[in-house]
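Structure, as structure tokens:
Residue numbers count from 1 along this sequence.
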Amino acid sequence: MASPPTREITVQELRRHDQPGDLWVAVSGLVYNVSSFANVHPGGAKVLEELGGHDVTEEFYELHRAEVLTRPGRERLIVGRLAGSGPQVATGPISAVPFSEIAALQWQKSPFYTESHKRFQAEVRAFVDAELAPIAAAADLSGAYPDRELIRKLGAFGLQVCRLGPGPWMDDVEAMGLRLPGGVKPSEFDYFHEMICHMEVNRLGRPGFIDSLGAGMMISAPAIYNFGTEAMKRDVGRKVILGEVNSALAISEPFAGSDVARIRTTAVKTVDGRHYIVNGVKKWITEGCYSDFFVTAVRTGDDGAGGITMLLIERTDDVETTQIKTTYSTCPGTALVVFDNVKVPVENVLGKVNDGFKLIMYNFNHERWMIVQAVIAQARGAITDSFLWAKQRKIFGKTLIDQPVIRNKLAGAVAALESVQAYNEALTYDMCVAKDGPLGRRLAGPIAMLKYQSTRMGWLVADETVQILGGRGITKTGMGARVEGFKNFVKYAAVYGGSEEIMADLAVKQALRNFPVDAKL
């Protein structure tokens, strides 16, 4: 980190640098020489020429996010501090902006978070801020698939194994040469650690880029570890976690979304009984365009749930993937996957033949819970940016935050967010102490209800924060980027992993199983 500037520059000296080729401006107490930067300024040199020689703090924050000042190379433009501006306000790792963090990190006395969780959070945030935040916006906008070296870096840091949560993969941490962030031991890693990990990544607020970092891996690798052979775990599972190869979950089809039992992709055993020949189409497969392996639902038996088997299919020339363009970035390679006479060894069956429907259902609770963490974190990011914007944006002679209608919008969004977070923490604690974690039938209904409520909350937060940011809230770059990103993402979350309608119905139907037969109004 660069040392703070010691040279003091008076207002009079600042004003002397106001001509093309000699332009100084002050922002938040620091004076910048933008002479050489003027010609590459995105808004053109004229803007800087008009403002040269002045303190432009107010104008700067009308147009730019604070992170613009911390980009690499910006420190070389600093020539000193503006006299009388006061000391710079230090920004710590935990933000003091209201509701920008989990309450337990700011002010709340919570029974759920220990020093282990806080050490873990600090190290994960430092990694995300250093390795992911600087590239997130450009990658999301370009739509480029993730660099393999970046995914390996995530694996080596331990981010990928942590995003899978507690499970048998934690037994392989030492064998894979990994260390968990914060020095957390695999034996003490729990669902609150995992929650923190998901939330720290999703703070980036670039949903396409975020999903490109392992969304497919997180819902496919558990099947390899839970139901695969020892060879699969060793030769594929570990490589997926270390970022050496990519994997995706291939279940949804043009004819079968939430109704998984209707899948049509077939796997027919060869005459010699050593292979399956797979034919069919999968659709909306996250990370499918660049995955090396597909955990795939196929039909090996009769119609319905009883005829489904899960296969681990390696990419070959007979596996064709095509990018599907959706409402967010193409980064995560959402794919149409066509299997055309793909030859798969019978050893690649996950679990038992015709028992695949149970395997599909096995991880659904955890997948839905993961989606909730993404919704909450991105909603929190949108609310944070709305608070910051409302404090600095002036309209009709007042800041936005001085308008009662804006405070009302913020209050409604925050109340919805924090109520879902409270429900989330209660269920996460239940997952930590339950024998089967989130995988048992008992938590299926509550987790479904949590997912339903989280996306309902997301709609409200997206609506209010877009209104607060105005035009910036529907612009992919600049001040409202996280708000615009969340606006698009929340509809995704309301559909994948089980639609809102399915979630609500499941939650109520499961509750009715325990309805007392003699209860009367």
Quick one: do Glu194 and Arg163 make a salt bridge, cutoff under 4.0 Å?
-> no

Are Ile308 and Arg299 side-chain neighbours, meaning at least one heavy-atom pair lies under 4.5 Å?
-> yes

Is the shortest distance from a Lys or Arg side-chain nitrogen in Arg238 or Asp172 to a carboxylate oxygen in the other one below 4.0 Å?
-> yes

So, does Glu123 use its side chain to make a donor-acceptor pair with the main chain of Gly182 at under 3.5 Å?
-> yes

Evaluate the side-chain proximity of Glu101 to Ser95: yes if any heavy-atom separation is below 4.5 Å, no if none is.
-> yes

Tell me, yes or no, whether the heavy-atom count around Tyr429 atom OH, taken from other residues, nucleotides or ligands under 6.0 Å, exceeds 12.
-> no

Electrostatic pair Arg442-Asp430, nearest N-O below 4.0 angstrom | yes

Nearest heavy-atom contact between Val353 and Tyr276 is CG2-OH, 3.5 Å

Side-chain contact, heavy-atom cut-off 4.5 Å: Phe255 with Val281?
-> no

Residue from Met370, Glu287, His366 passing side-chain contact (heavy atoms from CB on, under 4.5 Å) with Ile219 | Met370

With rounding to the nearest 0.5 Å, note down the distance linking CD in Glu131 to CG in Leu159.
-> 11.0 Å

Among Thr384, Ile383, Thr465, side-chain contact (heavy atoms from CB on, under 4.5 Å) partner for Val483 | Thr465

Please answer whether the main-chain N or O of Gly412 pairs with a side-chain N or O of Glu464 as donor and acceptor at a distance below 3.5 Å.
-> no

From Leu311 CG over to Thr309 OG1, what is the distance, rounded to the nearest 0.5 angstrom?
-> 6.5 Å

Apply the test side-chain hydrogen bond (donor to acceptor under 3.5 Å, both in side chains) to residues Thr265 and Glu253: give CA-CA distance (whole Å), side-chain angles for both, the deciding distance (0.1 Å), then the verdict.
-> CA-CA 8 Å; Thr265 297; Glu253 298 182 359; 2.7 Å; yes

Could Arg513 and Phe515 be counted as a cation-pi pair, given that NZ or CZ must be under 6.0 Å from the ring centre and within 45° of the axis?
-> no

Assign the ring pair Tyr290 / Tyr145 to parallel, tilted or perpendicular, where the plane angle (0 to 90°) is split at 30° and 60°.
-> tilted

When every non-hydrogen atom of Ser247 is compared with those of Ser220, the smallest separation belongs to OG-OG, 2.7 Å

Pair Asn424-Gln373, side-chain hydrogen bond (donor to acceptor under 3.5 Å, both in side chains): steps then yes or no = CA-CA 8 Å; Asn424 181 39; Gln373 312 318 310; 2.9 Å; yes

Pair Phe489 + Tyr328: ring centers closer than 6.0 Å | no

Thr114 backbone acceptor or donor facing His117 side chain under 3.5 Å = yes

Partners passing ring-ring contact (aromatic ring centres under 6.0 Å, His included) against Phe127 (at least two apart in sequence or in another chain) | Phe157

Ignoring hydrogens and angles, tell me if any N or O in the side chain of Gln510 forms a donor-acceptor pair with the backbone of Gly445 under 3.5 Å.
-> yes

Might you work through the side-chain hydrogen bond (donor to acceptor under 3.5 Å, both in side chains) test for Tyr113 and Gln108, ending with a clear yes or no?
-> CA-CA 10 Å; Tyr113 303 94; Gln108 187 185 63; over 6 Å; no

Might you work through the ring-ring contact (aromatic ring centres under 6.0 Å, His included) test for Phe120 and Phe192, ending with a clear yes or no?
-> CA-CA 10 Å; Phe120 179 82; Phe192 281 100; over 10 Å; no

Under 4.0 Å between a Lys/Arg side-chain N and an Asp/Glu carboxylate O for Arg203 and Asp129?
-> yes

Thinking salt bridges, do Arg315 and Asp292 make one under a 4.0 Å N-O criterion?
-> no

Give a yes or no answer on whether the side chain of Asn365 reaches the backbone of Gly440 with a donor-acceptor pair at less than 3.5 Å.
-> yes

